[in-house]
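Worksheet: the structure to be examined is printed underneath.
Computation of the quantities below employed the complete heavy-atom set of this structure, encompassing side-chain atoms and omitting hydrogens, waters and symmetry-equivalent molecules.
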Amino acid sequence: MNLELTEEQAAVRELAADFVNREIVPHAAAWDRAEQVDRGVVKKLGALGFLGLTIPEEYGGSGGDHLAYVLVTEELGRGDSSVRGLLSVSLGLVAKSINHWGTEEQKRQWLPRLCAGEALGCFALTEPGTGSDAGNLTTRAVRDGDSWVINGAKMFITNGTWAEVALVFARTGEAGHKGVSAFLVPTDTPGLTRTTVHGKLGLRGQPTAELAFEDVRVPVAAMLGPEGKGFSVAMSALAKGRMSVAAGCVGIIQASLDAAVAYATQREQFGRQIAAHQLVQEMLADIKVELDAARLLVWRVADLIERGEPFQTESSVAKLYASEAAVKAANTALQVFGGYGFIDEYPVGKYVRDARVMTLYEGTSQIQKLLIGRALTGVNAF
C-alpha cells in the first residue's frame, strides 16, 4: 500500500480541511445545542464536489478514488460527525448503491441531484424491532399489477426527514435474507410519513427519523437490483459504509488529540503546563498511537477497493478498531481537560457523545467481531 498521497488527493484533503475549519467548526457547538445542522451545508458539500466523489462524471459525479473519499470523510468527522453522516449516508450508502445496482434510468434520475446536493438520500434498513438481524425485517412489499405496495416502519434513519429519496428494504418473498428486495422511494410518495427522532445522546445535529409506510405505492421500475437481492444490495453498501464510519472515527480521534494537545500546553497546574506532567503526556501519546493505527486500517480498505481486491473483512476490522478507539480517545481527551471537559464550552464532551454511537450503527462492534471470526474460521456464529 502506497502511503504517499498524490497531488490530487492532497489537494482534496486541503480543500476539505479548509471547508471544515471555515464552515463547520465555528458552528458545531450551536448545531449540537439546536439539534439541527444548517441545511445549507448540503449544497455547499455538493458545490465542492464532495457529494459526488467516486461517482462517474457522466452522472454528475466528481470522480476521484476511494482514498480521496476517505480523506474528505476524515475531515468532516474532525469538524462535526453530524455533517459527516449526511455525506456518508447520501453518497456512501445511497448514491454508490444506485451507481452499482441501478438501471440507466435510475442513475440519470437520481445521481445528478444527489451529487449536486440538490437532493439527499436515506438508507431505510433498520426497523423498530430489527437492527443487527437485518435479514429478518418485517416491512413488506406486495406486487399489484405494475406497482409494488409497501407497508411497515423503519427506525433511526439518518437523513430521514431531509431526504428526497429513500433506499427502502422490504420483504417481497420468503422468510430470511433471500426474500428481501430494495426500492428507490421518493419521500413525497403518498402514505410515507416521517417523524423526527429527538433527544439523541450524540449526532444531535443530524436529521434522524422514523419512517412509516402505509400502502406506499411505487412503480415496478423503482426496484433497485433484481427481486430478492435486496439483502445483497444492503450488505454491499454497508461493507463500504463501514469504511466511511471508520474514517469519520479517525476524524474524531484527530479532533480529540488536537484539542487535548492545545489545552495541555496552555493549562497550568502545580506551577507549570500540564503537558509537562508525565501522565498527561502518556494520555496524549496513547491517542496518537491509536490515531495512526486507525487511519492506516481505513486507508488499507480504500486501497483494496481501488485495486479490485476483497475488502469486506478489512472494512469490519477498520470499523471495529476505529470506533472503539474513537470512544477511548475522546474519553481520554476529556480526562486531560478535567472538569472543563464536562461543559460544552469545550468540544471534547461532544466528541465523547458522538463517538459512542459509532460502535453501534452500520454493524455493532459485536457484529464486526462475528464477521471477522467467520472470515477466519469459515464458521457462521450468527
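- Note that Lys240 lies outside the cation-pi zone of Tyr69, set by a 6.0 Å cut-off to the ring centre and a 45° limit from the axis.
- Remark: side-chain polar atoms of Asp32 are not paired, donor with acceptor, to backbone N or O of Ala28 under 3.5 angstrom.
- Taking 4.5 Å as the limit, every side-chain heavy atom of Glu309 sits out of range of all side-chain heavy atoms of Glu314.
- Contact check for Val245 versus Arg84: side-chain heavy atoms found under the 4.5 Å cut-off.
- Under the 4.5 Å side-chain criterion, counting only non-hydrogen atoms from C-beta, Asn99 is in contact with Pro56.
- Between Ser315 atom OG and Leu304 atom CG the span is 10.0 Å, to the nearest 0.5 Å.
- The hydrophobic cluster containing Leu238 does not contain Tyr321, counting ILVMFWY residues as joined when their side-chain heavy atoms lie under 4.5 angstrom apart, directly or transitively.
- Hydrophobic cluster of Phe213: the remaining members, joined at side-chain heavy-atom separations below 4.5 Å, are Trp148, Ile150, Ile157, Val168, Phe183, Val185, Leu192, Leu211, Val216, Val218, Val220, Met223, listed by chain and number.
- With ring centers used as reference points, Phe169 lies under 6.0 Å from Phe123.
- Side chains of Lys44 and Leu48 form no contact here, defined as non-hydrogen atoms less than 4.5 Å apart.
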Checklist entry - Stepwise, does the side-chain contact (heavy atoms from CB on, under 4.5 Å) test hold for Ile98 with Val94? => result CA-CA 6 Å; Ile98 295 172; Val94 179; 4.0 Å; yes
Please list every donor-acceptor pair under 3.5 Å in which a side-chain atom of residues 367-382 meets a protein atom from a residue at least two apart or in another chain.
| residue | atom | partner | partner atom | Å |
| --- | --- | --- | --- | --- |
| Gln368 | OE1 | Ser316 | OG | 2.8 |
| Gln368 | NE2 | Glu362 | O | 3.4 |
| Gln368 | NE2 | Gly363 | O | 3.0 |
| Thr377 | OG1 | Gly373 | O | 2.9 |
| Thr377 | OG1 | Val379 | N | 3.0 |
| Asn380 | OD1 | Phe382 | N | 3.1 |
| Asn380 | ND2 | Phe382 | O | 3.2 |

Practice prompt. In sequence, state the C-alpha distance, the side-chain angles, and the governing distance for Arg113 and Glu164, and then conclude on salt bridge (Lys or Arg N to Asp or Glu O under 4.0 Å).
Written response: CA-CA 10 Å; Arg113 295 178 61 201; Glu164 281 72 26; 5.4 Å; no
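- Phe311 has its side chain out of reach of Met243: every pair of non-hydrogen atoms, C-beta onward, lies at least 4.5 Å apart.
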TODO: Could you check Asp144 against Arg217 for salt bridge (Lys or Arg N to Asp or Glu O under 4.0 Å), going step by step and ending with a plain yes or no?
DONE: CA-CA 9 Å; Asp144 181 23; Arg217 184 177 293 271; 3.0 Å; yes
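- For the side-chain hydrogen bond (donor to acceptor under 3.5 Å, both in side chains) with Gln254, the qualifying choice from Arg295, Arg78, Glu74 is Arg295, the only one to do so.
- Placement of Val197 and Leu125 in two distinct hydrophobic clusters is found when ILVMFWY residues are connected by side-chain heavy-atom separations under 4.5 Å, directly or transitively.
- Around the CD atom of Glu214, the shell of radius 6.0 Å holds no more than 12 heavy atoms that belong to other residues, nucleotides or ligands.
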Using the rule given for side-chain hydrogen bond (donor to acceptor under 3.5 Å, both in side chains), can you reason through Thr139 versus Glu127, listing the C-alpha separation, both sets of side-chain angles and the distance that settles it, and then say yes or no?
CA-CA 8 Å; Thr139 296; Glu127 298 184 350; 2.8 Å; yes
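- Side-chain heavy atoms closer than 4.5 Å link hydrophobic residues (I, L, V, M, F, W, Y) into clusters, and following such links, even through other members, never connects Leu67 to Leu297.
- In this structure, Met155 is not a member of the same hydrophobic cluster as Leu360, with clusters built from ILVMFWY side-chain heavy atoms closer than 4.5 Å.
- Using a 4.5 Å heavy-atom threshold, the side chains of Leu76 and Leu45 count as touching.
- Looking only at side-chain heavy atoms (C-beta outward), Glu324 and Leu320 come within less than 4.5 Å of each other.
- The number of heavy atoms from other shown groups lying within 6.0 Å of CD (Glu118) is above 12.
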- [ ] Check the pair Glu58 / Arg108 against salt bridge (Lys or Arg N to Asp or Glu O under 4.0 Å), numbers first and verdict last.
- [x] CA-CA 9 Å; Glu58 63 179 303; Arg108 298 203 178 277; 3.8 Å; yes
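- Atom CZ of Arg356 has 12 or fewer neighbouring heavy atoms from other residues, nucleotides or ligands inside a 6.0 Å radius.
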Give every donor-acceptor pair under 3.5 Å between a side-chain atom in residues 334-350 and any protein atom, sequence neighbours left out.
| residue | atom | partner | partner atom | Å |
| --- | --- | --- | --- | --- |
| Asp344 | OD2 | Arg33 | NE | 2.9 |
| Lys350 | NZ | Asp80 | OD1 | 2.8 |
| Lys350 | NZ | Asp354 | OD2 | 2.6 |

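- With hydrophobic clusters built from ILVMFWY side chains whose heavy atoms lie under 4.5 angstrom apart, Val317 does not share a cluster with Val327.
- Between Leu114 and Val165, the closest side-chain pair of non-hydrogen atoms falls below 4.5 Å.
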